[in-house]
Structure formats: C-alpha cells, structure tokens
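This report concerns only the one structure given below.
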Amino acid sequence: GPLEETSLPLFFGWFLCPDFQDKLRSMARDFLKTLKGLETFKNHLSDFTGEAEKEMDLEQYFQGKGVLHCTTKFCDYGKAEGAKEYAEQQCVRDRYGSISEVEVSALFVTPRTLGAKVSLTEEQLQLWPAGAEKEAAPDADLPLGSRAHVTLGCAEGVELVQTGLDLLEIVQLQKQGEEGERVEDLELGLLTYLGKGLWVLSLREPCRAPACFASYYG
Ligand code: A2P
C-alpha cells in the first residue's frame, strides 16, 4: 500500500561520526591546497577548465552538502530498482542502527567530483548491494564494493551519483595495470595522475572511524 511505499528512504548508508566528517573535510581541503600548487597539476589544468589559460580556484571548485556518508543502496523512496528487496534483507534489518568502523584508503579528484575511497570489511560487504558495480560498469567485472565512497564535493551542475562513477573509472584503470604518472610523495600519501583529469592520493595511513548504518529520508 501507499504507506509501505513511503516508508522506503532516499538511501541507506554509513553515516560518519561528526569528528570524522570534520577530519575528512580538512584532509580534503589540505589535499586541494597542495594539488593546486603543484606544477604537474597546473600542466593538466585544462582537464578542469577546458582551456589552459582560464583562471580557476580548485578550493572553490567543489561544493559539498549534507552529512558525509557512504551510500550502500540508493532507494529513491522505492523508485530505484531493487530498493524494496534491499530494505527487506535480513542483514539490513539486523544491522540497522549499528556502528562499525569505516576505512578511507584514498582521496580522489576529477573535473566533476571530490571523493574518498572506502575499503569495506567482509562484514560491511554483506550490506553492499550485489548490482552496484555491474549497473554502472557492466563489462568491467570489478570486485564488490569497488564503488564504495564518500562524496566530499561536486563541481557546479554535477549530480551526486557521479562520484561513484568516477571512482569506478579510476578502479578500472588501476585494474588494467594503469599505474598512472607517479607525481609526488606527499605527507598524506602517494599522488598519481591517471590521465583525463583523474587524480588519486593513496593515503599512507588509511583513516578509520565509527559510522552508523542507517537511512536518510531527506
Ligand atoms: P553519493 O553516494 O555519491 O554521495 P541525491 O541527493 O542526489 O538524491 O542523492 C542522495 C544520495 O544518494 C547521495 O549520497 C548520492 O551520491 C546517492 N545517489 C544518488 N543517485 C544515485 C544513484 N543513481 N546510484 C547510487 N547512488 C546514488
């Protein structure tokens, strides 16, 4: 009935604790600050501006909104495929409201999005929807959880869903053995450029913090 339909959320996911949100945002700010000062980045600026001469401030380029989280299933209040089935899974019901530790292993920047790559544990993978990678990259055959991320910001006019798609492109290139141009050993980790405006910072020390598995209604 209609009641049942409205009971499905916009999405399910892990919601990062406030301290970790602050920490990630500040890491991302530092990352952008460092990146925009690098010669190599300036040489590839046209990925972002379309024309090399144009001025742009990387630190103003992305807009973030809302609570930082790692989406598991986008339900769109039940309109998304498989939303009801996901919500009804026993493990989703059992683990609803539970706290686990989320691990961020890398930060990435593209002309569209700024995100953090999340490495899921076996236990967390039980809450990961089976089709998440397939629906976006049907031919890539990527491991479950490859798309797991936290969106930190999007460029103007870019939809949130893009962050996961950008991450999948990055993971695909890395899987194809594309190691990219090793750019710099930064304090936070190793920075590589994969081409097409894709920048990845693999954190020296992955950062972990508690997060609550829950849903968001908007
Ligand atoms: P993300 O997980 O990358 O942050 P919106 O505000 O656009 O409705 O999105 C709500 C949340 O659901 C966001 O966190 C967003 O992206 C995620 N999301 C939006 N659309 C999709 C989609 N088609 N597939 C997976 N996740 C989505």
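Quantities reported herein were computed from a predicted structural model and do not represent experimental measurements.
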Inset, instruction - Kindly indicate, with the supporting measurements, whether the criterion side chain to side chain contact (heavy atoms under 4.5 Å, CB included) is fulfilled by Val109 and Tyr61. - result: CA-CA 11 Å; Val109 172; Tyr61 187 82; over 6 Å; no
What is the minimum heavy-atom distance between [X] and [Y], and which atoms define it?
X	Y	answer
Gly197	Pro111	O-CD, 3.3 Å
Leu114	Ala28	CD2-CB, 4.2 Å
Gln63	Gln60	NE2-O, 4.4 Å
Pro210	Ile99	CB-CG2, 3.7 Å
Ser119	Ser105	OG-OG, 3.0 Å
Gly115	Thr163	CA-CG2, 4.0 Å

Inset, instruction - Report the C-alpha separation of Leu120 and Val118 in whole Å, then their side-chain angles, then the decisive distance to 0.1 Å, and conclude whether the side chain to side chain contact (heavy atoms under 4.5 Å, CB included) test is met. - result: CA-CA 6 Å; Leu120 300 175; Val118 171; 3.7 Å; yes
Inter-residue atom distance [X].[atom1] - [Y].[atom2], 0.5 Å rounding:
X	Y	atom1	atom2	result
Gln176	Leu194	CD	CG	10.5 Å
Glu159	Thr151	CD	OG1	12.0 Å
Leu165	Thr113	CG	OG1	8.5 Å
Gln126	Leu144	CD	CG	11.0 Å
Phe31	Leu201	CZ	CG	5.0 Å
Lys79	Leu8	NZ	CG	11.0 Å

Identify each donor-acceptor pair in which a side-chain atom of residues 12-21 lies under 3.5 Å from a protein atom, sequence neighbours left out, and give them as a table.
| unit_1 | atom_1 | unit_2 | atom_2 | d |
| --- | --- | --- | --- | --- |
| Gln21 | OE1 | Leu68 | N | 3.2 |
| Gln21 | NE2 | Leu16 | O | 2.9 |

Distance-only, no hydrogens or angles: does the [X] side chain make a donor-acceptor pair with backbone N or O of [Y] under 3.5 Å?
X	Y	result
Tyr217	Ser7	yes
Gln124	Glu101	yes
Asp57	Glu59	yes
Thr110	Arg112	yes
Lys175	Asp141	yes
Tyr96	Ser215	yes
Arg95	Glu123	yes

State, yes or no, whether a side-chain contact exists between [X] and [Y] at a heavy-atom distance under 4.5 Å.
X	Y	result
Cys207	Met27	yes
Lys117	Val171	yes
Phe41	Leu58	yes
His149	Asp166	no
Lys23	Ser26	no
Tyr77	Leu10	yes
His69	Tyr216	no
Leu38	Glu184	yes

hydrophobic_cluster_shared for [Y] and [X], side chain cutoff 4.5 Å:
X	Y	value
Leu198	Val150	no
Val102	Leu125	yes
Leu203	Leu167	no
Leu168	Val158	no

Under 3.5 Å, side-chain donor or acceptor atoms of residues 127-140 against the rest of the protein: list the pairs with distances, not counting sequence neighbours.
| unit_1 | atom_1 | unit_2 | atom_2 | d |
| --- | --- | --- | --- | --- |
| Trp128 | NE1 | Glu133 | OE1 | 3.3 |
| Trp128 | NE1 | Glu133 | OE2 | 3.0 |
| Glu133 | OE2 | Gly145 | N | 2.9 |
| Glu133 | OE2 | Ser146 | N | 3.0 |
| Glu133 | OE2 | Arg147 | N | 3.0 |
| Glu135 | OE2 | Arg147 | NH1 | 3.4 |

Inset, instruction - Begin with the C-alpha distance, continue with both residues' side-chain angles, and end with the deciding distance and a verdict on side chain to side chain contact (heavy atoms under 4.5 Å, CB included) for Tyr86 and Thr72. - result: CA-CA 10 Å; Tyr86 179 84; Thr72 54; 2.9 Å; yes
Legend entry - Asp47/Lys196 ion pair, N-O < 4.0 Å: no
Inset, instruction - Under 4.5 Å between side-chain heavy atoms, chaining through other members, with only Ile, Leu, Val, Met, Phe, Trp and Tyr counted: pull out the rest of the cluster around Leu190, sorted by chain and number. - result: none
Inset, instruction - Show your working on ring pair (Phe, Tyr, Trp, His ring centres under 6.0 Å) between Phe74 and Phe11 and close with a plain yes or no. - result: CA-CA 4 Å; Phe74 179 67; Phe11 64 90; 7.4 Å; no
Legend entry - Distance flag, aromatic centroids of Trp199 and Phe108, threshold under 6.0 Å: no
Inset, instruction - Check whether the ring centres of His44 and Tyr193 lie less than 6.0 Å apart, and answer yes or no. - result: yes
Inset, instruction - May I have the step-by-step check of side chain to side chain contact (heavy atoms under 4.5 Å, CB included) for Leu160 and Cys154, ending in yes or no? - result: CA-CA 7 Å; Leu160 276 175; Cys154 286; 3.9 Å; yes
Legend entry - The single option from Leu191, Val200, Leu35 passing side chain to side chain contact (heavy atoms under 4.5 Å, CB included) against Val183: Leu191
Inset, instruction - Decide if atom CZ of Phe48 counts as having more than 12 heavy atoms of other residues, nucleotides or ligands within a radius under 6.0 Å. - result: yes
Inset, instruction - Assess whether atom CD of Glu81 is packed by more than 12 heavy atoms of other residues, nucleotides or ligands within 6.0 Å. - result: no
